[in-house]
Structure formats: structure tokens, C-alpha cells
Amino acid sequence: MKKLIAILLLNVHLFNLGGYSLVFEYFIHRSEVQIVKQIYENKVDATKLVEIKIPVHLPKIHSWDGYVRDQGQLQLKGVYYNYLRYKVTQDTMSFICIANSVKTRLVNANLIIAKEINDVP
């Protein structure tokens with residue numbers, strides 16, 4: 001009986017050390033898989049698409065005529081986005097994105113819990 005209680009307490013302690021991070025990483029990964037699946041199946045609502053323009057300085061590059069279809073992720077001001085298309089001009093990179101609100105909430109919750117566990121203000 002003592003051995004069972006010791007194993008149980010050890011498991012609780014180990015979960016407190018790193019289990020929260022593993023759980024949050026799992027759910028963040030699931031949210032990324034879900035949004036990529038929606039993108040591949042063309043189930044993305046066109047009204048939720050956002051164009052993000054990021055200033056860059058690329059004087060030797062020629063401006064592209066249209067958007068290139070590609071997928072990736074970017075983070076801007078604490079919000080995570082999955083981009084569907086992008087184009088480059090000499091002074092701007094333009095991305096057509098959809099906000100990944102689930103990942104943003106999970107990352108923020110993970111930071112809050114990590115601060116509470118470690119007593120960091």
C-alpha cells in the first residue's frame with residue numbers, strides 16, 4: 001500500500017514538473033493539424049481571411065505580379081496566423097492569413113500557468 005501511494009505521489013510530482021507543458025504542446029499540435037486540414041479541404045471561410053503587410057527592405061528583388069500559394073505560420077503581436085498565400089514587393093511582404101485563435105489562447109494559457117507554477121510575476 002505504501003509503495004502504491006509513493007508511486008502515485010511521484011507521478012503527481014512529475015506531472016507538476018513537466019506534464020502541463022506536454023499537455024499544452026499536444027493541444028497546440030492538434031489545433032495546428034485541424035486548421036491545416038481545413039485549409040487543404042478548402043473549408044476556410046473567406047470572410048475570416050486577413051491581409052497582413054510586413055515592411056521589408058529588398059531593393060534588388062523584382063515585385064511579384066500575384067500571390068504564390070503556400071502555407072506556413074507567422075506570429076504578429078502575440079497572435080498566431082496561418083498564411084495561405086503571399087507575395088513580395090521591394091518594400092512589403094503581403095500575406096493572406098487566417099487567425100489561429102485556438103493556438104493563441106492555448107499559448108497564452110500555457111504562459112499564465114507556467115508563471116503561476118514557478119511563482120514568476
Side-chain angles (χ1 to χ4, degrees):
M1 185 67 178
K2 288 182 184 181
K3 190 175 183 180
L4 180 65
I5 293 172
I7 291 172
L8 179 68
L9 290 175
L10 183 61
N11 284 333
V12 168
H13 180 67
L14 290 176
F15 183 75
N16 281 334
L17 288 177
Y20 290 111
S21 297
L22 292 175
V23 170
F24 275 106
E25 287 299 320
Y26 171 75
F27 284 121
I28 288 170
H29 175 71
R30 293 295 301 151
S31 73
E32 290 173 358
V33 168
Q34 182 181 8
I35 199 162
V36 168
K37 184 178 176 183
Q38 289 176 355
I39 291 169
Y40 274 118
E41 294 174 353
N42 290 327
K43 292 183 179 178
V44 177
D45 188 10
T47 60
K48 294 183 179 181
L49 294 178
V50 179
E51 183 176 14
I52 297 176
K53 294 184 177 185
I54 300 174
V56 294
H57 181 65
L58 302 169
K60 303 218 183 232
I61 198 164
H62 298 287
S63 297
W64 299 0
D65 293 331
Y67 284 92
V68 174
R69 185 172 172 88
D70 196 6
Q71 292 183 10
Q73 297 178 359
L74 59 99
Q75 177 188 4
L76 186 64
K77 297 182 181 177
V79 179
Y80 290 88
Y81 297 94
N82 287 66
Y83 63 85
L84 309 170
R85 298 183 290 276
Y86 68 93
K87 76 175 181 178
V88 178
T89 61
Q90 291 180 348
D91 61 347
T92 307
M93 285 186 76
S94 301
F95 295 92
I96 302 295
C97 306
I98 185 166
N100 193 342
S101 59
V102 175
K103 182 176 180 178
T104 303
R105 283 183 295 167
L106 285 171
V107 168
N108 290 337
N110 189 15
L111 291 175
I112 291 170
I113 288 176
K115 287 179 183 179
E116 289 177 1
I117 290 173
N118 296 325
D119 292 332
V120 176

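Any value given below was found using the heavy atoms of this structure, including those in side chains, with hydrogens, waters and symmetry copies removed.
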- Quick one: are Lys53 and Pro55 in side-chain contact, heavy atoms under 4.5 Å? no
- From Gln34 CD over to Asn100 CG, what is the distance, rounded to the nearest 0.5 angstrom? 9.0 Å
- When rounded to the nearest 0.5 Å, the distance separating CD of Gln75 from OH of Tyr81 is 10.5 Å
- Item | In one Ile/Leu/Val/Met/Phe/Trp/Tyr side-chain cluster, 4.5 Å: Val107, Leu76 | no
- Say you draw a straight line from CG of Asn82 to CD of Gln38; how long is it, rounded to the nearest 0.5 Å? 10.0 Å
- Mind running side-chain contact (heavy atoms from CB on, under 4.5 Å) on Leu58 and Gln90 for me, showing each step along the way? CA-CA 5 Å; Leu58 302 169; Gln90 291 180 348; 5.7 Å; no
- Message: Please report the interatomic distance CG(Leu84) to CD1(Ile98), rounded to the nearest 0.5 Å.
- Response: 7.0 Å
- Task: Check whether any side-chain heavy atom of Glu51 lies under 4.5 Å from a side-chain heavy atom of Tyr67, and answer yes or no.
- Result: yes
- Going hydrophobic residue to hydrophobic residue with side-chain gaps under 4.5 angstrom, can you get from Val68 over to Ile61? yes
- Message: Tell me whether the count of non-hydrogen atoms from other residues, nucleotides or ligands lying under 6.0 Å of CZ in Phe27 goes above 12.
- Response: no
- Positive for side chain to side chain contact (heavy atoms under 4.5 Å, CB included) with Lys103, one of Ile28, Val79, Ile35: Ile28
- Over all atoms of both residues, closest heavy-atom pair of Thr89 and Val56: O-CG2, 4.5 Å
- Cys97 and Tyr83: which non-hydrogen atoms are nearest, and at how many Å? SG-CB, 3.7 Å
- Query: So if you build clusters from Ile, Leu, Val, Met, Phe, Trp, Tyr with side-chain heavy-atom gaps below 4.5 Å, do Leu74 and Met93 land together?
  - Reply: yes
- CD1 on Ile7 to NZ on Lys3, rounded to 0.5 Å: 6.0 Å
- Message: Quick check on the hydrophobic clustering: are Ile96 and Ile54 connected, directly or via other members, by side-chain heavy-atom contacts under 4.5 Å?
- Response: no
- Between the CG atom in Asn108 and the OH atom in Tyr80, the distance rounded to the nearest 0.5 Å is 8.0 Å
- Task: Could you go through the side-chain contact (heavy atoms from CB on, under 4.5 Å) check for Tyr40 and Gln71 one step at a time?
- Result: CA-CA 10 Å; Tyr40 274 118; Gln71 292 183 10; 3.9 Å; yes
- Query: Are Val102 and Phe24 co-members of a hydrophobic cluster defined by side-chain heavy atoms under 4.5 Å apart?
  - Reply: yes
